[in-house]
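A short write-up of the structure that comes next.
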There are 4 protein chains.
Amino acid sequence: MNKTKEKIFNAAIDIISQKGFYKSTMDEIADKAGVAKGTLYYHFNSKDDILIFLIDEGLSLLKNQILEKISHMKNSIEKLREIIVVQSKFLFKYKDFVLILLSQLWGKEEIQNSFREKIYDYLKIIEDIIDEGIEEKLIEKCDKKLLSSAFFGMISSLIIFQFRNNDVIDPEHIADSVIEYTFNGIHYRD
Amino acid sequence: MNKTKEKIFNAAIDIISQKGFYKSTMDEIADKAGVAKGTLYYHFNSKDDILIFLIDEGLSLLKNQILEKISHMKNSIEKLREIIVVQSKFLFKYKDFVLILLSQLWGKEEIQNSFREKIYDYLKIIEDIIDEGIEEKLIEKCDKKLLSSAFFGMISSLIIFQFRNNDVIDPEHIADSVIEYTFNGIHYRD
Amino acid sequence: MNKTKEKIFNAAIDIISQKGFYKSTMDEIADKAGVAKGTLYYHFNSKDDILIFLIDEGLSLLKNQILEKISHMKNSIEKLREIIVVQSKFLFKYKDFVLILLSQLWGKEEIQNSFREKIYDYLKIIEDIIDEGIEEKLIEKCDKKLLSSAFFGMISSLIIFQFRNNDVIDPEHIADSVIEYTFNGIHYRD
Amino acid sequence: MNKTKEKIFNAAIDIISQKGFYKSTMDEIADKAGVAKGTLYYHFNSKDDILIFLIDEGLSLLKNQILEKISHMKNSIEKLREIIVVQSKFLFKYKDFVLILLSQLWGKEEIQNSFREKIYDYLKIIEDIIDEGIEEKLIEKCDKKLLSSAFFGMISSLIIFQFRNNDVIDPEHIADSVIEYTFNGIHYRD
DNA sequence: TATGAATGAGGGTTCATTCAT
DNA sequence: TATGAATGAACCCTCATTCAT
């Protein structure tokens, strides 16, 4: 990614995260990037193309951050905990972004298919760790597809709704709570 | 809600659920409703206004469905299970709708504030049931705000990602799984 | 054709005849027509669509003018002469128009196919008159397709090149000359 | 014309003949020529300039081909016949080219004046041969300006409309027919 | 109440042209 | 000579909204 493309990339994230994809205009992005509008089209084919690029890069970033962080961990539960932390931070930073992504999960257009694949790739990481946990006898046998989806949704939802308390989010706390509830369940114990 | 307004309401749900809010046009909605475009503006102030109305009505519907179903139930766990079933069906039917709603949770405009309140009202129902469960000693003491959010996100996510398997969704199955994992946890047991 | 559409129609002919299709803009046409730009799109699907409509109407007009004029004529040579007169006047008035049409005769897009058909329809009128002439023993047997094409081209070319002399065109004179040369040939006679 | 300019020249003919002047872009021409876009501007001042150059070269080519072919001919009718053959082949090869040229015959801009002059030069060749024919008592006295224009238009039109029959064109046949009809006329003879 | 023709600001995209290298 | 990234004016088109009927 050369310098100009990077300027556009950053501007696009800024603008789109702030106003949403549909309310962002190419003019604004160009302005923010400090380039002419035509330059956007020298580096990207269309507005949609920018979105695709953003999501691609975003998901890669998230994946790589996670993979790097957990590469040295042995315990699959610690890994899951780390995923929660990293994903929480990421979601918090790129809220709108994630929504854009989610909003593309339905629909049958080509772009949308490609997004779906990418999210699935991400969920696959979670699945694999669940598998590890099962093998290590840390996790009970379970429907891992269902569980990884639920995991993803739970984290996302928590980030979205943290505003309810007007609190600043604490990813570490979220991670601890989620791990606790997920592992031990919430049924009453004497 | 008189007949014309109802026609518009139904058309709007159809169109917006299918194409998303931003890609839906007033022309399409009018067409689908079988009224003239001007008529939309007799019954609603703006396109945004239609959205607000849709979400208001939609959330009321969801709330009422749930409240009615659980009104005869005694056991708070059964109640939670029922919520999952109803919400799953609802999400499945009005996918895009929910996304629109979610996409409005951020932002600081007035509309968005009103949406937030309404979703919080809904989460409150879940919270209350959790409270009941705690009192009934069915549920362990826990952070109910966090838990209700997580609950909501989990269900949403499961619906969204059921496409992964190209399966038709079975809300009853989803409900059973979620209850099982949520209550007993997934840690390994001999 | 209602009043607004007619205003647009006339404006489009004016502008396009003057500047050519590609150099004409929707803004100019709207300005000339005295309507808003959006109004163009209420009555036509696209800029191309306007062109198609123009050509359709233009060719209909030409055809009808000719058919009406020759309907009372008995002699096929007189008819051909009349065609020359009418077509000359028409070409003179709508020069650019005809070029647009001609420029669409190649190419394999759908629009172009439809144009081709329409011109062929027109040539068919000439062919039929040639046929009549042959039956009436006024015209020698000949390749009528070739001849009708040549006829059409000859007239068009004469109009185009009349500028060479900076003369104002005299369709009657052109008609007489063409008929004379066409019928008797130009070979030397004692 | 050096090598690079020639590459551009050939690419421009290809592209413009295929897509028309207005729908051809400098990018495409550069691509086809295998040079950078900037290079076009090193060899030509503008897109228009390329067109002018194309037409200049094209008409020179046509003129030279014709002049060479007829230089050894004595009989002015044979010469006219040869012109038809050569022009037919040329038109067939460079259809769009000729249209571009024709489309520039009107208008009052400088470029257009220069085009006009060049076409007139070409028509002058035909006129001169007609003159010769008259002197040689092969051709009847006639309006040679009108006749040369008609001649040109006839040939062009025949090429354009040969598509009607989906036949491959046979310039020799066209030439024979045109000469026959032009010289002897089409009036009925016992 | 309902209509639908008309509006016009605004958006995405194209592309001939420039210029530093 | 040649390059290709950058430009920005200009264009086509969309669509929420208005208003006379």
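Chain A is the first sequence line, chain B the second, and so forth, proteins listed ahead of strands; every chain is numbered from 1.
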Lys23(C) to Tyr22(D), cation-pi by 6.0 Å centre distance and 45° axis angle:
no
Of dG8(F), dA2(E), dT1(F), the nucleotide closest to the side chain of Ala36(A) is dG8(F)
Are there over 12 heavy-atom neighbours, none belonging to Lys32(D), within less than 6.0 Å of that residue's NZ?
no
Pairing string, 5' to 3', for DNA chain F - Watson-Crick or wobble contacts under 3.5 Å, brackets [ ] where pairs cross, | to another strand:
.||||||||||||||||||||
Rounded to the nearest Å, what distance is computed from the NZ atom of residue Lys19(B) to the C1' atom of nucleotide dT14(F)?
12 Å
Whole angstroms only, please: what is the CG-P distance between Asp31(C) and dC11(F)?
12 Å
Is the closest side-chain heavy-atom distance between Leu59(B) and Phe115(B) below 4.5 Å?
no
Round to a whole Å and report the spacing from NE2 of His43(B) to C1' of dT1(E).
7 Å
Only one of Asp27(D), Ile8(D), Thr4(D) clears side chain to side chain contact (heavy atoms under 4.5 Å, CB included) with Leu40(D); which?
Ile8(D)
Do Met26(C) and Phe44(C) make a side-chain contact, defined as non-hydrogen atoms from C-beta onward lying under 4.5 Å apart?
no
Leu40(A) CG to dG11(E) C1': how many Å, rounded?
13 Å
Rounded distance (Å) that lies between atom P of dT3(E) and atom CD1 of Ile29(B)
15 Å
Starting from the 5' end of DNA chain E, give me the residue, Thr4(B) or Gly34(C), whose nearest nucleotide shows up first.
Thr4(B)
Could you walk me through whether Phe9(C) and Ile50(C) satisfy the side chain to side chain contact (heavy atoms under 4.5 Å, CB included) test, starting with their C-alpha distance in whole Å, then the side-chain angles of each, then the deciding distance to 0.1 Å, before giving a yes or no?
CA-CA 8 Å; Phe9(C) 175 76; Ile50(C) 291 181; over 6 Å; no
Qualifying side-chain hydrogen bond (donor to acceptor under 3.5 Å, both in side chains) pairs with a residue from residues 42-57 of chain D, counting only residues at least two apart or across chains
Asp56(D)-Lys118(D)
If you count heavy atoms of other groups shown closer than 6.0 angstrom to NZ of Lys5(B), is the number above 12?
yes
Are Lys19(B) and Glu28(B) packed together at the side-chain level, in the sense that at least one heavy-atom pair is separated by less than 4.5 angstrom?
yes
Let me have a per-nucleotide readout for nucleotides 13-21 of chain E, 5' to 3', with B, S or -, counting only protein heavy atoms under 4.0 Å.
BBSBBB---
d(CG, Leu51(C); P, dC13(F)) in whole Å:
12 Å
